[in-house]
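Here is how names work: the chains are called A, B, and so on, in the same order as the sequence lines, proteins then strands, and each is numbered from 1.
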Amino acid sequence: MNQSLKKTLSTTATITVKIPNRLGMHARPATMFAEIAGQFEADITVAHGEHDPVDGKSIMQLMMLAATQGTPLVILATGSDSNAAVEELKSLVANGFNE
Amino acid sequence: MKLLEIVVKESIIPQLKATTRDAAISEMIDTLVAAGAVKEDQKDEFVKAVIRRENKGSTGFGHGVAVPHVKHAEIKKMHVAVANSEEGIDFKALDREPVHSIMLLLSPEDEPENHLDAMEAIFGNLSQDTFRRFLRQASTADEVITLLSEADAATR
């Protein structure tokens with residue numbers, strides 16, 4: 001395994017979490033998600049289904065996911081704090097964005 | 001969802017008279033009343049509801065655009081109004097920049113999937129530099145409609 005790939009693997013974290021709240025990821029949840037994601041150094045992308053991954057720090061891109069209730073979101077973080085990032089974002093989603 | 005399915009053509013304002021956020025919201029909903037999309041006696045309630053939502057968190061998500069919106073039990077069908085402001089309006093945007101293009105969305109309360117579909121269509125376009133630039137440059141309603149139909153043709 002080459003060094004750069006090793007480095008990437010060691011700093012990448014991913015998690016899948018279903019959206020529990022009835023209204024899905026509408027504007028306010030997307031805003032909360034992007035705000036929390038923005039606090040981490042790691043690059044964060046979010047994807048679901050056939051949708052291309054979007055930037056987890058951009059509200060506009062998160063809104064493009066049109067993620068409804070029950071949608072499994074795949075959160076991928078790459079960077080030194082990737083583990084903490086996915087854990088915190090997972091709990092935000094799993095708690096239904098506190099709605 | 002296609003933009004032209006939800007944008008009310010009579011509610012495209014190439015140049016807002018309003019210079020403040022709340023006045024812009026009111027002016028946009030006025031055109032929805034004039035178009036028959038909103039009843040006159042519902043106007044004040046919808047304006048208040050959109051402003052209440054805006055006060056909870058700005059929908060000025062940056063890049064000079066804002067998407068004020070509300071879900072309301074009295075809204076039976078989704079409606080979008082579009083407006084431009086040459087001078088720019090303070091929407092307390094996240095990037096603190098003035099807002100030059102506004103897409104205001106009224107959604108029925110009990111259709112979260114449709115609401116998200118509409119947001120996908122709106123943000124899928126607003127997140128593109130070229131769309132934002134052409135929208136802002138549009139000086140007539142027809143130019144906006146042409147832009148929206150081209151955007152619709154490019155989406156699956």
**Request:** Name the region of B/Gln128, side chain, backbone, both or neither, that has any atom closer than 4.5 Å to a heavy atom of chain A.
**Result:** neither
**Message:** What's the separation between atom CG in A/Leu23 and atom NZ in B/Lys71, rounded to the nearest 0.5 Å?
**Reply:** 4.5 Å
**Request:** Mind listing the closest non-hydrogen atom pair of B/Arg53 and A/Ala27 along with its distance?
**Result:** NH2-CB, 3.6 Å
**Asked** Same cluster for B/Val99 and B/Phe61 if Ile/Leu/Val/Met/Phe/Trp/Tyr side chains link at under 4.5 Å?
**Response** no
**A/Ala67, part contacting chain B, at a heavy-atom distance under 4.5 Å** = backbone
**A/Thr68 OG1 to B/Glu120 CD distance, which is reported to the nearest 0.5 Å** = 10.5 Å
**Prompt:** When hydrophobic residues are tied together by side-chain contacts of less than 4.5 Å, even through go-betweens, does A/Ile19 share a cluster with A/Phe33?
**Reply:** yes
**Request:** May I ask you to check whether over 12 heavy atoms, not counting those of B/Arg136, lie within 6.0 Å of atom CZ?
**Result:** no
**Item:** Reported OG-to-CG distance for the pair B/Ser127 and A/Leu62, which is rounded to 0.5 angstrom
**Value:** 11.0 Å
**Asked** Considering only heavy atoms, which portion of B/Val67 lies under 4.5 Å from any heavy atom of chain A: side chain, backbone, both, or neither?
**Response** neither
**Prompt:** Out of curiosity, B/Phe123 CZ to A/Ile59 CD1, how far, rounded to the nearest 0.5 Å?
**Reply:** 8.0 Å
**Item:** CD/B/Glu87: more than 12 non-hydrogen atoms of other groups inside 6.0 Å
**Value:** yes
**Prompt:** Is A/Ile15 reachable from A/Val54 through a run of I, L, V, M, F, W or Y residues, each pair having side-chain heavy atoms under 4.5 Å apart?
**Reply:** yes
**Item:** Sub-4.5 Å side-chain heavy-atom contact between B/Met119 and A/His26
**Value:** no
**Message:** If I measure from the heavy atoms of chain A, does B/Leu94 come under 4.5 Å with its side chain, its backbone, both, or neither?
**Reply:** side chain
**More than 12 heavy atoms from other groups under 6.0 Å of NZ on B/Lys43** = yes
**Request:** Say whether A/Val17 and A/Val86 are linked into one hydrophobic cluster, either directly or through other cluster members, by side-chain heavy-atom distances under 4.5 angstrom.
**Result:** yes
**Request:** Taking atom NZ of B/Lys17 as the centre, report whether more than 12 heavy atoms of other residues, nucleotides or ligands fall under 6.0 Å from it.
**Result:** no
**Item:** Value rounded to 0.5 Å, distance of CZ in B/Arg132 from CE in A/Met60
**Value:** 5.5 Å
**Message:** Measuring from atom CG of B/Leu126 to atom CE of A/Met63, what distance do you get when rounded to the nearest 0.5 angstrom?
**Reply:** 11.0 Å
